[in-house]
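Structure first, then comments.
Everything quoted here is computed from the prediction, not taken from an experiment. Values below: all heavy atoms of this structure, side chains included; hydrogens, waters and symmetry mates excluded. Residue numbers start at 1 and run along the sequence shown.
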Amino acid sequence: TEVGVLAKSYIDQGRLIPDDIMTRLVLSELKGLERYNWLLDGFPRTVAQAEALDKQCQIDTVIDLDVPFETIKYRLTARWIHPASGRVYNLEFSPPKVLGIDDITGEPLVQRDDDKPETVTKRLQAYDAQTKPVLEYYRGKGLLRSFSGTETNKIWPHIYAFLQTKLPDVSQKDAASPR
């Protein structure tokens with residue numbers, strides 16, 4: 001879409017999408033989901049987005065994954081893709097059999113512009129400046145729960161146990177299926 005192309009131009013430059021564009025995209029997707037439980041990842045990223053979300057939806061929990069920037073940077077810059085298929089490799093935990101080559105086609109892998117070290121650094125700096133106030137906003141409302149660590153397999157069991165206290169009984173299979 002036109003808005004999607006505009007959003008991509010910001011992402012490719014390592015910048016956050018402006019509040020009005022991001023809010024319009026997300027809130028239009030949330031309409032009609034009132035009867036479902038849902039989880040947003042990466043939204044809201046600014047206090048203005050959080051306030052707009054609060055006007056349309058009742059938020060009952062906000063989860064902060066407190067992971068050091070160096071860990072995030074290392075993982076993102078280790079991500080490579082096969083453009084034709086969309087297959088994703090990660091040099092750390094899901095590497096291709098041959099470095100730089102797609103396992104199935106033998107074609108070269110590429111690194112997305114937003115996964116390059118300089119872009120990731122810009123994104124993390126933008127996060128630090130714009131998103132930390134969102135955590136304070138939700139902390140002030142008593143909705144924030146933080147989980148700290150560097151390894152998914154060590155953080156996830158704590159998050160899953162917490163979510164089970166917040167959500168109706170849902171099987172892992174159901175929880176993994178997007179709606």
What closest approach, in Å, do [X] and [Y] show between heavy atoms, and which atom pair accounts for it?
| X | Y | result |
| --- | --- | --- |
| Tyr137 | Val47 | CD1-CG1, 4.1 Å |
| Gln111 | Asp115 | NE2-O, 3.3 Å |
| Tyr127 | Leu135 | OH-CD1, 3.9 Å |
| Val88 | Ile81 | CG2-CG2, 3.9 Å |
| Tyr10 | Leu6 | CD1-O, 3.2 Å |

#### Entry: Short side-chain donor-acceptor distance under 3.5 Å, Lys73 and Thr121
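Indeed, the side chains of Thr121 and Lys73 share at least one donor-acceptor pair under 3.5 Å.
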### Query
Does any donor atom in the side chain of Glu70 or Tyr74 lie under 3.5 Å from an acceptor atom in the other side chain?
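There is no such pair between these side chains.
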Any [X] side-chain heavy atom under 4.5 Å of [Y] side chain:
| X | Y | result |
| --- | --- | --- |
| Arg75 | Thr152 | yes |
| Lys141 | Asp54 | yes |
| Gln125 | Phe69 | no |

### Query
In terms of side-chain geometry, is the basic nitrogen of Asp102 or Arg87 positioned less than 4.0 Å from the acidic oxygen of its partner?
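Looking at Arg87 together with Asp102, the answer is yes, because their closest N to O distance falls below 4.0 Å.
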### Task
Any chance you could lay out the side-chain contact (heavy atoms from CB on, under 4.5 Å) test for Thr61 and Leu143, step after step, and finish with the verdict?
CA-CA 5 Å; Thr61 301; Leu143 299 175; over 6 Å; no
### Query
Hey, quick one: are Leu39 and Leu27 part of the same hydrophobic cluster, counting side-chain heavy atoms closer than 4.5 Å, chains of contacts allowed?
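Cluster IDs for Leu39 and Leu27 differ.
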### Message
Membership question, hydrophobic clusters at under 4.5 Å side-chain separation (ILVMFWY): are Leu99 and Leu109 in the same one?
### Response
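Hydrophobic grouping puts Leu109 with Leu99.
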#### Entry: Atom CD of Glu118: over 12 foreign heavy atoms under 6.0 Å
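Yes, enclosed.
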### Geometric cation-pi criterion, Arg145 with Phe162: 6.0 Å, 45°
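Geometry flag: set, cation within 6.0 Å and 45°.
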### Message
Quick check against the 3.5 Å criterion: does Asp64 have a side-chain atom that pairs as donor or acceptor with the backbone of Phe147?
### Response
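A pair under 3.5 Å: no.
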### Query
How long is the gap from CD on Gln56 to NZ on Lys31, to the nearest 0.5 Å?
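Atom-to-atom, Gln56:CD and Lys31:NZ are 5.5 Å apart.
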### Query
With respect to Arg45, which candidate in Val134, Ile17, Thr131, Asp19 satisfies the side chain to side chain contact (heavy atoms under 4.5 Å, CB included) definition?
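Between Arg45 and the candidates, side chain to side chain contact (heavy atoms under 4.5 Å, CB included) is satisfied uniquely by Thr131.
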